[in-house]
Amino acid sequence: MKACRWASLILTLALIGSLVAACGSSSSSIKDGSGSNSGLEGELVIAGNGATVETLMKDEIFKKFNEKYPDVKLSYVSGVSTDIVAKVTAQRGSPQIDVTVIEGGEQEAGSIKGLWEALVPAQIPNMSKVDEQLKINDNSGVTVNYTPMGISYNAKLVKEKGLPVPESWNDLARSEMKGNLILTEMSSNFGRSAAIMLAYANGGSEKDMAAGFDKLKTIAGYMPTFAKTAAQLQQNLQNNTAAYTAWTMARSIVQKDQGVELEFVIPKEGANIVPNVASLVKGAKHPNAAKAFIDFLLTDDVQTLYATKLFYNTAVNVKLPEDTAKLLDFDKSKIVKFDYGVISDNTKKWLDQFNKEVAPLVGQ
């Protein structure tokens with residue numbers, strides 16, 4: 001009888017010990033909405049730009065992330081930044097996207113709508129390495145790379161036609177540009193940035209766009225149409241139907257790398273930078289995996305990939321190959337810091353003004 005009691009007591013203690021051990025194991029591992037306590041699991045959905053950005057994500061960044069977190073299934077949704085913000089807005093309350101990596105202006109627009117969770121630096125250790133000038137308001141996201149805006153020109157065409165080498169944003173409104181220029185419309189970040197810089201070049205800013213619109217009205221007469229996408233800019237530059245455009249240094253270098261004789265200049269008035277910002281969608285289904293992924297984008301390996309494969313400047317200080325570092329170097333004192341809050345508040349009004357006052361003047 002005593003033996004039975006002892007056996008029962010030992011069994012009870014063993015069960016209690018197992019439960020304690022299980023609780024300890026559960027509290028020390030990261031659960032990610034999947035019910036598993038074995039680490040990061042589940043399907044993480046990332047949304048960002050397509051083309052070369054999507055290729056780099058799927059072919060290299062995802063693979064490297066899965067070497068560290070093999071139980072996380074990664075999916076990618078490609079699109080332009082404005083469309084991604086629209087998708088996240090439409091999915092509010094039941095998000096299908098966990099992380100977005102989009103341009104700074106659109107990220108700010110999403111922030112005003114309350115689409116992003118504030119990032120806690122202690123949970124994303126590599127945030128501490130990001131350059132202070134690249135910090136995002138209220139930590140609603142983190143800059144993972146950037147590139148400066150400016151003017152690109154086909155050096156071969158410019159020489160053959162005796163056209164001017166651009167030095168100022170106002171050069172886009174010179175009469176020699178007629179038939180040789182392509183810009184995107186105001187809904188594009190490239191077109192919007194060019195318009196704002198045209199305002200800066202003539203005493204205005206994003207807070208006073210009158211001069212920028214005046215210059216756009218002149219420029220409209222030089223082109224058969226404003227391009228709707230960067231792909232149209234790229235096509236016109238590649239087939240030599242345009243000698244000049246306004247877009248980023250990264251895109252210019254990519255095209256030059258593919259054989260188009262493009263040169264890139266930051267005009268004397270300066271230029272804005274275009275940051276790509278990673279954000280955690282509010283209510284994301286896999287927040288822990290999302291934070292791990294955002295942190296991973298700031299590692300030396302991924303930052304180096306951004307620089308060497310896409311020609312983006314890095315958000316953190318990493319040692320790049322000498323030729324890449326030289327290629328991406330530019331005068332940082334010429335950076336013009338835009339107020340993205342002002343831009344977000346006025347974008348709709350600017351689009352309406354562009355469509356009413358500028359677009360009808362194309363080709364005239």
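It should be emphasised that the depicted structure is a prediction, and the values quoted were computed from it without experimental measurement.
- Using a 4.5 Å heavy-atom cutoff, the side chains of Lys256 and Ile253 are not in contact.
- Ion pairing between Glu206 and Lys349 fails under the 4.0 Å rule for side-chain N and carboxylate O.
- Checking Asp331 against Ser333 by side-chain atom types alone, a donor-acceptor pair falls below 3.5 Å.
- No side-chain donor-acceptor contact under 3.5 Å links Thr100 and Gln107.
- Using modelled atom types, one finds no donor on one side chain facing an acceptor on the other under 3.5 Å when comparing Asp138 with Ser140.
- Counted by atom type alone, Trp247 and Ser252 present zero donor-acceptor pairs between their side chains at under 3.5 Å.
- For the residue pair Asn272 / Lys337, no side-chain donor-acceptor distance below 3.5 Å is found, with atom types taken as modelled.
- Taking the six-membered ring where tryptophan is involved, the planes of Tyr340 and Phe338 are perpendicular, since the angle between them exceeds 60° and thus also 30°.
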Trace of the side chain to side chain donor-acceptor pair (under 3.5 Å) decision for Glu43 with Ser75: CA-CA 7 Å; Glu43 181 175 1; Ser75 298; 2.5 Å; yes
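- Electrostatic pairing of Lys348 and Asp352 counts as a salt bridge here, judged by a charged N lying under 4.0 Å from a carboxylate O.
- The 12-atom threshold is not exceeded at NZ of Lys68, counting heavy atoms of other residues, nucleotides or ligands nearer than 6.0 Å.
- Taking 4.0 Å as the cut-off between side-chain N and carboxylate O, Asp171 and Arg174 count as a salt-bridged pair.
- Between Glu60 and Lys64 no salt bridge is recorded (no basic side-chain N to carboxylate O distance below 4.0 Å).
- Side-chain atoms of Ser344 and Glu108 form no donor-acceptor pair, as typed in the model, at a separation below 3.5 Å.
- In summary, the side chains of Lys63 and Asn66 do not present any donor paired with an acceptor at a separation below 3.5 Å, with no hydrogens or angles considered.
- Ser152 and Glu263 share no donor-acceptor pair across their side chains, judged by distance under 3.5 Å alone.
- A donor and an acceptor atom, one from each side chain of Asn313 and Asn145, are nowhere located under 3.5 Å apart.
- Checked by atom type, the side-chain pair Asp131/Asn317 shows no donor-acceptor distance below 3.5 Å.
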